[in-house]
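Counting starts at 1 for both ligands and their atoms, following the listed order.
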Amino acid sequence: MTRDEARALDREDPLRELRARFDLPDGLIYLDGNSLGALPRAAVARQQEVVTREWGTSLIRSWNDHGWIDAPARVGAKIAPLIGAGPHEVIVTDSTSVNLFKLLAAAARLSDRRVILTESGNFHTDLHIAAGVAELMGFELRVVARDAVEVAIGPDVALLLLTHVHYKSGARWDMAALTARATAAGVRTVWDLSHSAGAVPLDLNGAGAELAVGCGYKYLNGGPGAPAFLYVAEHLQESLANPLSGWMGHAEPFAFTDDYRPAPGIARFLTGTPTILGLAALESGVESFAGVSMEALWAKSVALVDLFARLAAERCPELACVTPMDPEARGSHISFAHPHAFEICQALIADGVIGDFRAPDIVRFGITPLYVGHEDVWRAVDILADILATGRWRDPRFAVRGKVT
Ligand SMILES: Cc1ncc(COP(=O)(O)O)c(C=O)c1O
């Protein structure tokens with residue numbers, strides 16, 4: 001494919017106008033929306049309003065007058081259709097790590113089995129949090145290779161913790177099949193949707209999923225450190241107790257009683273005071289999906305990832321693609337292994353192509369169809385091929401590592 005052909009595909013793209021919803025620097029090819037989503041234009045005006053009018057002028061009255069107190073449930077209800085959940089099954093609060101702790105510990109209390117099962121190479125916060133819960137509650141954390149997960153779903157397993165789309169390879173579990181298998185074995189599954197929500201069509205209800213968490217700052221465009229979301233299927237909500245039983249999850253936080261009575265429904269999973277500026281930014285991020293179906297975004301993601309894979313196979317043979325080529329088995333990013341992935345990534349950034357590096361040897365490109373087009377992919381691979389062919393990445397300045405890689 002030529003650059004002109006890529007451009008022609010962009011002209012025919014029914015989603016091309018969506019890019020105008022984001023404020024992206026001219027000329028920059030941003031392929032890292034799976035790590036930090038781009039800035040929605042609406043977020044700038046909304047932050048201004050929340051800071052100056054709601055905080056600055058209305059001050060504490062805004063908890064009631066500007067709906068601050070309802071923001072976790074309101075934004076959760078806006079995320080719900082993106083993940084195939086009911087509006088009362090999702091709430092925005094805390095970080096993904098903290099939410100994972102809450103759901104794992106809450107679900108662990110319901111079981112008389114004593115094993116949490118997960119895969120090795122899962123995102124490390126998931127492994128660390130699961131290890132913490134296991135230690136605290138006298139459980140064993142059983143970590144097995146990806147291809148051994150299904151057979152490890154056994155009679156002593158209480159909980160199965162899986163990241164739906166793998167943060168490095170982009171490999172996607174079959175949520176419905178795994179959930180069915182686990183449920184049949186008496187095992188409850190907790191899904192981490194950090195690389196799925198806003199990236200792939202999800203149907204948590206249809207898949208029988210009961211518990212899930214996910215990031216707000218990646219595909220949902222909620223801004224740096226945006227609050228995360230958690231999902232609890234309606235039928236389970238009343239049986240689960242939030243182990244971080246703070247006042248915001250109380251049935252009557254402003255009754256100031258000594259005893260703890262959980263709020264009915266999903267609200268019991270709140271803990272402390274909601275982060276209003278972060279919630280407002282996330283609300284703008286989620287609203288950037290307005291009027292677009294996940295299916296349409298997914299069709300574009302498939303086309304763009306396929307294009308990236310095809311061009312890279314032709315022009316960058318030294319890169320080993322680690323992402324499944326079957327669209328049903330992947331998410332919306334594509335990753336390659338190379339011993340000098342870090343340096344290559346830095347050389348790309350210097351040339352205006354932002355992807356990211358994942359230790360020890362992966363360069364990763366997030367394909368966010370809301371604001372990435374065919375020509376972006378074409379140019380990214382063109383620049384990548386040139387960096388590899390010229391060996392430009394060997395410049396010592398590209399080996400310098402910051403705290404965040
Ligand atoms: C799969 C996965 N889970 C969790 C997290 C981290 O979530 P948080 O920083 O909100 O705790 C990430 C961050 O990249 C992730 O990729």
Side-chain angles (χ1 to χ4, degrees), residues 31-37 72 75-76 79 83 90-105 116 118-133 141 143 146 149 159-173 175 178 189-200 202 204 209 211-231 244 269-272 274-275 278-279 281-282 285-286 322-323 330-335 345 354-359 362-368 403-405:
L31 304 179
D32 214 1
N34 55 329
S35 219
L36 174 65
V75 183
I79 293 172
I83 62 174
V90 185
I91 199 151
V92 174
T93 180
D94 301 313
S95 62
T96 312
S97 306
V98 172
N99 289 335
L100 195 54
F101 175 86
K102 291 189 286 194
L103 292 192
L104 283 173
I116 301 174
T118 192
E119 71 166 304
S120 54
N122 198 348
F123 190 75
H124 46 336
T125 207
D126 297 54
L127 295 172
H128 304 332
I129 293 286
V133 171
L141 175 62
V143 184
R146 188 175 179 88
V149 165
L159 300 174
L160 171 62
L161 167 62
L162 291 176
T163 297
H164 183 229
V165 171
H166 196 275
Y167 78 102
K168 260 192 207 170
S169 68
R172 172 163 39 130
W173 288 105
M175 182 184 282
L178 252 291
T189 307
V190 182
W191 293 99
D192 183 338
L193 306 178
S194 291
H195 290 272
S196 317
V200 300
L202 282 164
L204 294 191
L211 300 162
V213 296
C215 272
Y217 49 77
K218 300 180 190 294
Y219 293 93
L220 297 181
N221 311 308
F229 67 87
L230 67 79
Y231 156 90
L244 298 180
F269 289 98
L270 296 177
T271 297
T275 53
L279 272 154
L282 177 58
V286 174
V322 299
T323 300
R330 72 175 185 232
S332 198
H333 66 265
I334 182 164
S335 301
C345 191
I354 301 189
D356 64 17
F357 163 74
R358 284 294 172 264
I362 296 290
V363 57
R364 187 176 75 154
F365 302 99
I367 304 296
T368 47
K403 265 194 189 169
V404 177
T405 61

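Checking side-chain atoms of T118 against main-chain N and O of V143 turns up no donor-acceptor pair under 3.5 Å. Judged by distance alone, the side chain of K168 and the main-chain N or O of R358 form no donor-acceptor pair under 3.5 Å. Not a single donor-acceptor pair under 3.5 Å links the side chain of N99 to the backbone N or O of S97.
Protein heavy atom in closest approach to atom 16 (O) of ligand 1: H195 NE2, 2.9 Å. Counting only heavy atoms of the protein, atom 13 (C) of ligand 1 lies nearest to K218 NZ, 3.1 Å. The nearest heavy-atom contact from the protein to atom 12 (C) of ligand 1 is F123 CE2, 3.3 Å. Annotation: atom 11 (O) of ligand 1 to nearest protein heavy atom, S97 OG, 2.5 Å. Scanning the protein for heavy atoms near atom 7 (O) of ligand 1, the closest one is T96 CB, 3.2 Å. The nearest protein atom to atom 1 (C) of ligand 1, hydrogens excluded, is given as D192 OD2, 3.4 Å; this is a heavy-atom distance.
Considering all non-hydrogen atoms of both residues, H164 and S196 come closest at ND1-OG, 2.9 Å. Counting all heavy atoms, side chain and backbone alike, S335 lies closest to I362 at CB-CG2, 3.6 Å.
At least one side-chain heavy atom of W173 sits less than 4.5 Å from a side-chain heavy atom of E119. For the pair N34 and T368, the minimum side-chain heavy-atom distance is 4.5 Å or more.
Taking distance alone, with nitrogen or oxygen atoms compared against 3.5 Å, T125 stays at or beyond that limit from ligand 1. The shortest N or O to N or O distance between T163 and ligand 1 is not under 3.5 Å. Residue Y167 places no N or O, backbone or side chain, under 3.5 Å from any N or O of ligand 1.
Within the 4.0 Å heavy-atom cutoff, C215 counts among the residues contacting ligand 1.
Distances below 4.0 Å separate heavy atoms of Y217 from the following atoms of ligand 1: 6 (C), 7 (O), 8 (P), 9 (O), 10 (O), 13 (C). Per-residue contacts place S95 under 4.0 angstrom from the following atoms of ligand 1 (heavy atoms of the residue considered): 10 (O), 11 (O). Those atoms of ligand 1 with a heavy atom of S194 less than 4.0 angstrom away are 1 (C), 2 (C), 3 (N), 4 (C), 15 (C). The D126 neighbourhood of ligand 1 comprises atoms 3 (N), 4 (C), with distances under 4.0 Å to a heavy atom of that residue.
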Check step by step if side-chain contact (heavy atoms from CB on, under 4.5 Å) holds for L178 and T189.
CA-CA 9 Å; L178 252 291; T189 307; 6.0 Å; no
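Tested against F365 for a side chain to side chain contact (heavy atoms under 4.5 Å, CB included), the candidates I334, T323, D32 yield a single pass: I334.
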